[in-house]
J.: 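Can you keep this structure in mind? I'll have questions shortly.
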Amino acid sequence: MKIKTVEQYVDLYRKSVQDPEGFWGEIASEFQWKKKWDRILEYDWKKPEFKWFGGGELNITENCLDRHLDEKGDQAAIIWEPNNPGEEERILSYRELYREVSRFANALKRQGVQKGDRVCIYLPMIPELAISVLACARIGAIHSVVFAGFSSKSLATRIDDATCKVVLTADGGYRGKKTIGLKAIVDQALEISETGSVEKVIVYNRTNQDVVMLEGRDIWWKDAIAGVEDQCQAETMEAEDPLFILYTSGSTGKPKGIIHTTGGYMIYTTYSFLNVFQYDPGDIYWCTADIGWITGHSYIVYGPLLAGATTIMFEGVPTYPDAGRFWQIVEKYKVNQFYTAPTAIRALMKFPIELVEAYDLSSLKVIGTVGEPINEEAWVWYKKNIGNGVVPIVDTWWQTETGGILITTIPEVLHDHPTFAGKPLPGIQPMLFDESAKEIDGFPASGRLAIKFPWPSMARGIWGNLERYKETYFSFGDRYFTGDGALRNERDYYRITGRVDDVIIVSGHNLGTAPIEDVINTHPLVVESAIVGYPHEVKGNALYAFVILRGDVDNPEALYKEINGKIAQDIGPISKCDKIQFVPGLPKTRSGKIMRRILRKIASGETSDFGDISTLLNPEIVEEIIRTRL
Ligand code: WT7
């Protein structure tokens with residue numbers, strides 16, 4: 001499964017295009033199936049519908065766990081590093097993880113969870129989060145992990161959308177110096193939940209906080225597993241049975257519950273993990289993401305465990321107790337592959353270099369980034385200081401919807417190059433297209449990025465909304481549209497230039513502007529608002545809101561705080577706006593559409609070159625907004 005030379009890459013790539021079924025069938029044969037598939041791929045772009053390994057039956061946890069017990073039973077599967085370096089780490093061997101997952105799977109069954117039920121997981125980065133995910137998969141329940149930084153409202157929306165039957169949470173969590181309450185947020189969410197679908201809440205005691213336990217609904221984790229068997233027959237799943245739902249922001253409306261299914265996701269996450277990180281048996285791999293995001297699903301839990309790797313889970317933050325924490329952990333465990341976000345690198349670059357130099361990073365073989373473009377300065381710093389000038393960087397491009405890494409370089413095979421993510425992995429067929437949806441051939445080329453052939457881990461739908469799935473991703477012909485713009489150079493490398501829709505990537509988090517504007521607009525003093533992104537040194541992009549008020553404001557500073565407080569409460573702190581400018585109007589077209597293009601330029605500090613604004617309904621407003629720009 002592992003590509004070692006550029007010749008192999010070229011050969012495999014050719015084969016994957018000429019005979020995709022043969023290519024994927026061979027890879028799929030390396031897994032443990034309860035029943036072999038009948039057909040490798042059936043698809044229809046128009047419907048749209050994609051079926052991989054139809055007729056095949058399996059359980060993904062047998063491939064993550066049982067399959068490794070003979071040879072790797074005593075090898076560490078998960079190494080958990082706590083927030084507080086003074087607290088002891090926890091190491092779960094494959095055998096221990098297998099038992100804990102089986103035990104908790106049985107506990108879930110005992111609480112009435114059945115195949116196909118949705119289970120919401122709202123846990124901090126502790127081993128029980130990975131155990132919960134796998135326990136759901138063991139019994140065929142569909143997990144929906146919600147990042148534990150989301151507000152009660154956001155949590156409620158997600159619980160309701162998927163009508164979850166059970167919520168798994170903790171009393172609270174530790175992040176840096178802070179202790180966060182989680183159970184109280186779940187309580188609030190269940191109070192405002194409109195469906196009332198949740199029957200049980202299982203609560204892990206992480207921080208010894210006082211929490212209210214609702215009789216009949218809430219159960220402590222330790223009670224839920226008391227007297228439960230640590231062997232659990234894995235449920236038989238069809239290849240196309242949903243494995244999980246994971247919410248991501250859309251450019252409009254409520255978050256999209258992206259659906260991933262079992263067989264294709266299993267194969268693609270393993271294949272991409274092994275190739276991109278060139279993982280060798282015995283290596284220690286660390287991805288710093290949170291399991292609340294797709295990166296954590298695919299490259300902390302599933303990919304590494306499917307590959308029989310040792311994966312590190314870190315509970316804390318990069319700057320606690322100081323900004324050397326990441327490097328201290330790399331030294332402590334002799335990490336071989338390290339995978340993080342550009343925003344973390346940009347933040348850590350600002351600290352004295354002694355915080356890096358204090359640690360031995362010579363174990364590193366591959367260092368990676370994900371989530372947003374990595375600017376050249378950060379890339380060069382990363383390569384020089386973390387990679388000792390020689391360790392290959394993988395700048396991996398992918399999305400919640402793609403399930404796994406699609407465009408990247410491959411260590412020692414395809415060389416890294418700053419500001420370019422790289423080439424497609426074999427099996428992935430990217431294309432660029434123009435405004436009229438026509439494919440752009442050759443190089444240099446720039447356009448919208450799409451994938452023109454199905455791949456095994458592509459999203460199979462949006463929960464409860466097939467129409468939106470079709471509209472969002474399949475409106476430009478027989479291809480999957482990514483929402484990103486990209487350019488291609490003479491080496492056939494792709495540079496991702498950013499979103500071409502109203503999604504803004506802030507610190508690697510995918511934020512839709514519409515839901516944040518909705519929150520701002522509910523403030524009694526607000527008439528209308530528009531949010532755009534502007535370049536930010538550390539966050540990549542930050543949010544700039546233009547807000548029209550009813551009448552004058554006495555204390556803009558107080559109103560700024562009030563609005564951001566409301567955003568934090570209704571959505572989550574990551575969606576707060578760095579700048580809020582109060583304006584008398586917004587530039588609009590004659591049909592009433594806000595001209596975001598102009599606002600983006602104003603927010604980025606441009607003073608000229610606003611294009612033709614004479615067709616606006618209110619061209620005079622542009623001058624006015626520039627005059628009072630923040
Ligand atoms: C969006 C997807 C994939 C896991 C984390 C984000 C941006 C992602 C890169 C990269 C430039 C990137 C894209 C994409 N993005 N990786 N290496 N270079 N941009 O998943 O939250 O679904 O966001 O992140 O704009 O569309 P996500």
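All residue numbers refer to positions in the sequence shown, counting from 1. For ligands, and for the atoms within them, numbers begin at 1 and follow the listed sequence.
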J.: Give a yes-or-no answer on whether the side chains of R118 and S144 include a donor-acceptor pair shorter than 3.5 Å.
T.: no

J.: Locate the shortest heavy-atom distance separating N385 from L361; write the atom from each residue and the value.
T.: O-CD1, 3.9 Å

J.: Would you check ligand 1 and list the protein residues that come within less than 4.0 Å of it by any heavy atom, ordered by chain and number?
T.: I294, T295, V370, G371, E372, P373, D395, T396, W397, W398, Q399, T400, D484, I496, R499, I505, N510

J.: Got a donor-acceptor contact below 3.5 angstrom from the S154 side chain to the I571 backbone?
T.: yes

J.: Give me each pair satisfying salt bridge (charged side-chain N to carboxylate O under 4.0 Å, His left out) with a member in residues 394-407, each pair once, sequence neighbours excluded.
T.: K256-E401

J.: Going by side-chain contact (heavy atoms from CB on, under 4.5 Å), name the residues that satisfy it together with A28, two or more places apart in sequence or in a different chain.
T.: W33, W37, F53, I267

J.: Which salt bridge (charged side-chain N to carboxylate O under 4.0 Å, His left out) pairs, counting each pair once, include a residue from residues 412-428, with sequence neighbours left out?
T.: K383-D416

